[in-house]
Each structure stands twice: as C-alpha cells, then as structure tokens.
Amino acid sequence: MFALADCNNFYVSCERVFNPALNGRPVVVLSNNDGCVIARSNEAKQLGIQMAQPAFQIAAFLKKNRVAVHSSNYALYGDMSRRVMTILGEFTPELEIYSIDEAFLGLAGLPVELEAYARAIRNRVLQYTGIPVSVGIGPTKVLAKLANHFAKKVPENQGVFVLTPENTAQCLQRFAVEEIWGIGRQYAKLLRSHGANTAWDLIRLSDGWVRRKMTVAGLRIKKELEGVSCLSLETAPPAKQAICTSRSFGTFQTEKAPIREAVATFAARCAFKLRRQRSCAGVLMVFIHTNEFNPNEPQYARNAVRRLPVATSSSLELVHYALDSFETIFRPGFRYKKAGVLVSEIVPEDRVQGSLFDTVEREKQRALMAALDRISLRFGPDAVQVAAQGVGDGDWQLRRAKLSPCYTTRWSDIITVKA
DNA sequence: TCTGGGGTCCTAGGACCC
DNA sequence: TCTGGGGTCCTAGGACCC
C-alpha cells in the first residue's frame, strides 16, 4: 500500500501560518513576476478564480472581492516544505518527495490500522507546522492519488481516505478522467471522445487500444487503476539530466548590458545547482526571446548550444561560456522578455573526462567554488558573486510587489508576537 | 518480376507532472 | 501594458552500422 500526503493549497497555507488574518478570506499567490495565479484558497476557488489565470485580467475582480494577493515567496515555501517532509519521514522508512507539497509513503511491512495512521500523519503535520495536509491511501500510486482526492474534496472524510476493495469501484465511477494522475488535457479529450468519462470507463477499455493510443505510459496508468502496481517508490531521486535557470524580466529589456547581467546570473545559478548535486555539465545552452504573447510586435528568439571543453560546475567557467554564447545571439532592436541558461550532459563530478589540452587549473577552481559556497551559506547568496552578474538590483529582476517576509529563513524577518 | 534482417544512436516533437 | 519556472518520459523517423 501507498499513502499520498498532499498539502492543501500549499502556498496559501504557508502564508496563512504567519498571517492568520488571511484565514477565512479568499487568498491567491501569484507566479514569478506577479504573472499568473498559481495557488488559491478554497474561498478563492469558490469565487471562480482559475488556476494559471493571468493576474492583470482579473485585477479589478480581485479588488472588488477583497481577495488577498501575494507574490511567490519560494524561500518561505521551500523551508516549510522541508519541515513537512521531515515529519512525514518519521512515519515511514520509505519516503518519496514527489514535489514541493506532496510525498508518497511506502507502507509495506508497517502493521498499522490505515485510517488511524493517515489521521496521525495529518494531525502531527498540522500541529508541528500549521500546514493542513490530506492523506490518501491505496494499493498503487495512481490509486493513492485518487484516494487523496476524496480525502480533500469530501468534507465528511476530514482530510483522510483509505481505498478498500469495498469502496474502490464506486470511487472509480465518480472520478472524472481528467482528474487521473497522468491524464492531461489531450488524453482526456481523446478518452471522452471515445465515451470514457470516468476512471471506471477507462479501465473497461481494452489494453491494446490504450497502449496504441496512449503509449505504454497510458497502459501503466490503466493497470495502476486496476490495482496492479507499475510505478515504484523512488526514495532516492536520480541525478538530474538537465538543469535550467530562466526568468521573465520584471520589465522589457532593450539594452544588451542588463540582459548580459541576467544571463551571467542564470549561469552562476546553474553552476550552484550542479555543485549541490555533485555533478558537472558538458553542454551549455543560452536562450533569449521577446514576448511571444504579443503578435503585434517584432518577435525574436534564438538559442546557442555549445559543448564545453571539459565538463564543469565552476561558476567562473559557466558564466564565461554563457556570456560568450550570448554575444552570438543578441540582436539590438527588440524588446526582450525572457532569458535562460540550460546545462545538460550531466556527469558525476568524480567521473569527468579530462582533456590533454585543458588549461584550467581544476583543483584550484574546485577549492575556490567550495569557499564561495561556504560564504553563500553563511552570508547569503549575494555576499560574493561574479562581477559580470552586476551589482545592485537591475530592473530585469523579478517583479514581486506583494512579497511576504522570509519568516523562517532570515533573522531580520522573524515574526513579531505582540503581547 | 524479384532487392534481408538485425541493430544503435540521435533529434524533434508531443505528452505529461508540480 | 500585463501571461511562471522548473522537469520527465515516450515515439517516430532518419542516419548509420554489419
């Protein structure tokens, strides 16, 4: 059996922990640059606010309905996530952290009464962190996901639900295909056009048809719905195959210099992510583009891919090559909206293929980066950086007008309790 | 008239997740 | 005016090998 623990409206819940005035009110959290709605409280959902809705389209509506609006605060959400996951880890030796707000727990060999177990998880996470979680339990990961839906959406279940041989058929019949984990918009459309409207309808289609139309991934989902476990727990996340750092700019950029700073910053960030997972990248790509949503303005989008002489995780090297590539693709005369750096061909740092013609003093660089990371850990990521990243706040930086304090990760932002 | 059978690697594009 | 930022997996088709 598997349990899926999923934090309710996670980003909104994080904001509410430190700002209880938000309780009972409609609250939304916006994406980077305050662009789209990416989290909604139940009250906001009831107002009909859609996921991924651009904020500017509903600005008046938000104001009129007195919806509390927050910018994304990933420092806060990431830290709260870590706390929740630590608690979940106390309930099982097999924990798969699936995303920032959900985790699978392997229940093999745990001699427990399942509903009491689920309730204990919910209670402890709520008590220790203030974050409400829903817990669903089922014989496969897809069914645990499905159970979680009934834990969350049916008030009588009070946040926990266990699938049993007795209730499974009824749950499948009440579960719309687009709600199934792994069925997105396209497959949902296909299934509905073939008369399969619920999870129950899906498992009544033939294996052959599902395999043909939805590849093996679709067949796996069908088997999982039937109770045949095809997806195993991944307790140790595999090393990433690609790492990307990209941002939309806070305002359109027409000059070369600020975009250059942004690209340098993204490259340095990729380098840091590589070092954190103890790996190096052999290929680097830089991309820039204009605002693709506006058909009335001249569009430009280019990327430049280059193979590095020797795989590396050095900020200095990656920034150097990223800027060099940037020079080859930048063209003046456009309003740029976004840029990014992507590194791939990632190898463990102790298995880097050397080169006879290598001129870089690798050992020195490695020690330098280690020192840099120690300084960043202690004094913050801005304490020391590559000069090309620029100093101060370029106006390419994110727009975050409604940012809450970093209550749990910055001493100056720690919460004040008034007597 | 008739033209094998077995592979690998790479890329682009499309599907999906949060 | 204004629309996020990460990722993964699968397949088809082409180039190539013997």
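First the proteins, then the strands, lettered A, B, ... as listed; each starts at 1.
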Peer 1: Using rotation axes that map the C1' atoms of four end pairs onto the next four (five pairs an end), what angle separates the end axes of the helix from dG5(B)-dC18(C) to dC18(B)-dG5(C), to 10°?
Peer 2: 10°
Peer 1: Between Glu94(A) and Thr235(A), is any side-chain donor less than 3.5 angstrom from a side-chain acceptor?
Peer 2: no
Peer 1: Measure NZ/Lys222(A) against C1'/dC16(B) and give the value in whole Å, please.
Peer 2: 20 Å
Peer 1: Please work out if Glu292(A) contacts a base, only the sugar-phosphate, or nothing of the nucleic acid, heavy-atom cut-off 4.0 Å.
Peer 2: nothing
Peer 1: Ignoring backbone atoms, test whether Arg211(A) places a side-chain nitrogen or oxygen under 4.0 Å from the OP1 or OP2 oxygen of dT11(C).
Peer 2: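 Arg211(A) to dT11(C) OP1/OP2: side-chain N or O found under 4.0 Å.
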Peer 1: Does Arg220(A) put a side-chain nitrogen or oxygen below 4.0 Å from OP1 or OP2 of dC9(C)?
Peer 2: no
Peer 1: Are Lys337(A) and dG4(C) close enough that a side-chain N or O sits under 4.0 Å from OP1 or OP2?
Peer 2: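 False: Lys337(A) side-chain N/O out of range (4.0 Å or more) of dG4(C) OP1/OP2.
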Peer 1: Just to be sure I understand the rule, does Asp101(A) reach a base, reach only the sugar-phosphate, or reach nothing, if contact means heavy atoms closer than 4.0 Å?
Peer 2: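 It contacts sugar-phosphate atoms only.
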Peer 1: Any side-chain N or O of Ser246(A) less than 4.0 Å from the OP1 or OP2 oxygen of dG4(C)?
Peer 2: no
Peer 1: Can you figure out which of dG6(C), dT3(C), dA15(B) approaches the side chain of Cys244(A) most closely?
Peer 2: dG6(C)
Peer 1: Would you kindly give the CD1-to-C1' distance between Ile243(A) and dG5(C), to the nearest whole Å?
Peer 2: 14 Å
Peer 1: Check this one for me: any side-chain N or O of Arg247(A) less than 4.0 Å away from OP1 or OP2 of dG6(C)?
Peer 2: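 So the side-chain polar atoms of Arg247(A) do come within 4.0 Å of the phosphate oxygens OP1 or OP2 of dG6(C), strictly under.
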Peer 1: Does a side chain donor of either Asn291(A) or Lys338(A) reach within less than 3.5 Å of an acceptor in the other side chain?
Peer 2: no
Peer 1: Tell me if the aromatic rings of Phe104(A) and Phe2(A) count as close, with their centers under 6.0 Å from one another.
Peer 2: no
Peer 1: Side chain of Asn291(A), heavy atoms from C-beta onward: which of dT11(C), dG6(C), dC2(C) has the nearest atom to it?
Peer 2: dC2(C)
Peer 1: Should the pair His289(A) and Phe287(A) be assigned to parallel (<30°), tilted (30 to 60°) or perpendicular (>60°) ring geometry?
Peer 2: parallel
Peer 1: Parallel under 30°, tilted from 30 to 60°, perpendicular over 60°: which one fits the rings of Tyr77(A) and Tyr11(A)?
Peer 2: parallel
Peer 1: Would you say a side-chain N or O of Ser248(A) is under 4.0 Å from OP1 or OP2 of dG5(C)?
Peer 2: yes
Peer 1: For Lys145(A), report the nucleic acid contact type (base, sugar-phosphate, nothing); a contact means any heavy atom under 4.0 Å.
Peer 2: sugar-phosphate
Peer 1: On the 0 to 90° scale, with breaks at 30° and 60°, tag the Phe161(A)-Phe150(A) ring pair as parallel, tilted or perpendicular.
Peer 2: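 Plane angle between 30° and 60°, so tilted.
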Peer 1: Among dG6(C), dC16(B), dC18(B), which is the nearest nucleotide to the side chain of Gln186(A)?
Peer 2: dC16(B)
Peer 1: Looking for any heavy atom pair under 4.0 Å, which part of the strands does Arg269(A) touch: base, sugar-phosphate only, or nothing?
Peer 2: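 Counting heavy atoms under 4.0 Å across all strands, no contact is made by Arg269(A).
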Peer 1: What's the CZ-P distance between Arg185(A) and dG14(B), to the nearest Å?
Peer 2: 15 Å
Peer 1: Which of the following nucleotides, dT8(C), dT11(C), dG6(C), is nearest to the side chain of Ala242(A)?
Peer 2: dT8(C)
Peer 1: Between Glu349(A) and Ser279(A), is any side-chain donor less than 3.5 angstrom from a side-chain acceptor?
Peer 2: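 Note: Glu349(A) and Ser279(A) side chains miss the donor-acceptor criterion.
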